[in-house]
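Down below is the structure, laid out as structure tokens.
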Amino acid sequence: MHRTRRRRRLKLVVGLVLLLMALTALPASAWSGPGLPQPSPTSDPHPDPLAGLTLPDIALPDLATVPGSALGDFAPDGRATGPAWAPEAPAAAGGAPRVPAAAAGDPSSEPLLPALSDPRMFRGLAFDTCMAPSLDTMRRWRASKYGAVGVYYGGRGRACPRQPRLGHRWMKGVQRLGWRVLPVYVGSQSPCVVAGPKKAYRIGGNAWSQGVREGRDAVRRARAVGIRPGSPLYLDMEAYKYRQKKCARTTLTFVRGWDRQVRRKGYVPGFYSSADSGVVHMRAAARAGVRDLPSVIWFARWHTRPRLAREPVLRGSAWTSRRRIHQYAGNVKERHGGRTLVIDRNLVHAPVARIR
């Protein structure tokens, strides 16, 4: 009898062992059936400290290269594309007019801007100086590290309004010497401009009309000195208190009117300002989906290394590197070929003028 009991117990143990072995051999999918618990995954001994947190999204779509976007662009066939803007659109907070949802996402509903030839690009160092130097000085400065020059060719707000050397002959001359040209237009300034001397040139009561009128003047003066359509024209807007909403709205309206007129005439609108004022403002407008914004950004941030892709204000992908100029030093003296100039220094990857 005892032997019989032992045999039964042995059979029971062997049966249990075989049952356990069979269960452990089942595939993982077999555990998903009803009535069977899912085995829990092994926990990570080093969990992600950011897991579960909602982080701000700083990687924006590249508005500078999307046809039909807020910034406009150079299409593969050389046309400048980008949407029109209705001046009567209501303004959002901070001076950024709202864009109707139906129009913002439908490039096919936007009229194409004037046809442009492919923009002439320059990548390298450039200098700008208040008054156009003589052609002899420009010839001597070919020994410098610079390959392009910023020229203040027009606008009522120029610090050096008299430019006795600047004209079509000068433009053709510097081009023959191998220089590339960055045309700068210093028009009306923001109502809350910081620099005292610029307050005499503040934007008036009808910002849109004034922007259109000065955009027309910028094109007329560019043509007069031999700058062809397809060239960039850089609007110089000195540092202003962009956090003042009324001032920001007026300034943005002026800039957009200027941009639209310049584009309509077949040129590429650019924008120069301090990285911490005007450029921050344009960046906020781009985030809000505002149209008629500049196609190229020239940002001033002095006392730092020259860099295009790592500017904090333009982080993400607004205005790609080939649409940026960094002014990294200002009011410095340099001497080359026996001639001294007071200049601003710039790192460039952007369009330059076509001279006829």
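A salt bridge does not link D217 to R213: none of the charged side-chain nitrogens sits closer than 4.0 Å to a carboxylate oxygen. With respect to R301 and E311, a salt bridge is recorded, a charged nitrogen being found less than 4.0 Å from a carboxylate O.
Under 3.5 Å, the side chains of Y146 and H336 contain no donor-acceptor pair of N or O atoms. In this structure, a donor-acceptor pair under 3.5 Å is absent between the side chains of W298 and D236. No side-chain donor from either of Y272 and E238 sits under 3.5 Å from a side-chain acceptor of the other. Counting only N and O atoms by type, the side chains of T253 and T250 include no donor and acceptor under 3.5 Å apart. With 3.5 Å as the limit, one finds a donor-acceptor pair spanning the side chains of S295 and R263.
Every pair tested for ring pair (Phe, Tyr, Trp, His ring centres under 6.0 Å) that includes a residue from residues 209-233 fails, sequence neighbours excluded, so the list is empty. Under the side-chain hydrogen bond (donor to acceptor under 3.5 Å, both in side chains) criterion, the residue pairs touching residues 187-202 are R156-S188, S188-Q210, S188-E214, S190-T251, with sequence neighbours excluded.
For W179 (side chain) and V149 (main-chain N/O), no donor-acceptor pair under 3.5 Å exists by modelled atom type.
Listed by chain and residue number, nothing satisfies the salt bridge (charged side-chain N to carboxylate O under 4.0 Å, His left out) test with R142 (two or more places apart in sequence, or in another chain). Residues satisfying the salt bridge (charged side-chain N to carboxylate O under 4.0 Å, His left out) criterion with R180, sequence neighbours excluded, are absent altogether. Contacts of D136 classified as salt bridge (charged side-chain N to carboxylate O under 4.0 Å, His left out), with partners at least two apart in sequence or in another chain: R139, R140, R339.
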Please report, to 0.1 Å, the donor-acceptor pairs under 3.5 Å made by any side chain of residues 158-167, with sequence neighbours excluded.
residue: R158; atom: NE; partner: G155; partner atom: O; Å: 3.4
residue: R158; atom: NH1; partner: Y152; partner atom: O; Å: 2.9
residue: R158; atom: NH1; partner: Y153; partner atom: O; Å: 3.4
residue: R158; atom: NH2; partner: P161; partner atom: O; Å: 3.1
residue: Q163; atom: OE1; partner: A132; partner atom: N; Å: 2.9
residue: Q163; atom: NE2; partner: C130; partner atom: O; Å: 2.9
residue: Q163; atom: NE2; partner: C160; partner atom: O; Å: 3.2
residue: R165; atom: NH1; partner: A132; partner atom: O; Å: 2.9

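In this structure, V268 and V296 have side chains that are in contact, with non-hydrogen atoms separated by less than 4.5 Å. When side chains are defined from C-beta on, M237 counts as touching V255, because their heavy atoms get closer than 4.5 Å.
For R310, the CZ atom is loosely surrounded, since the number of other residues' heavy atoms within 6.0 Å does not exceed 12.
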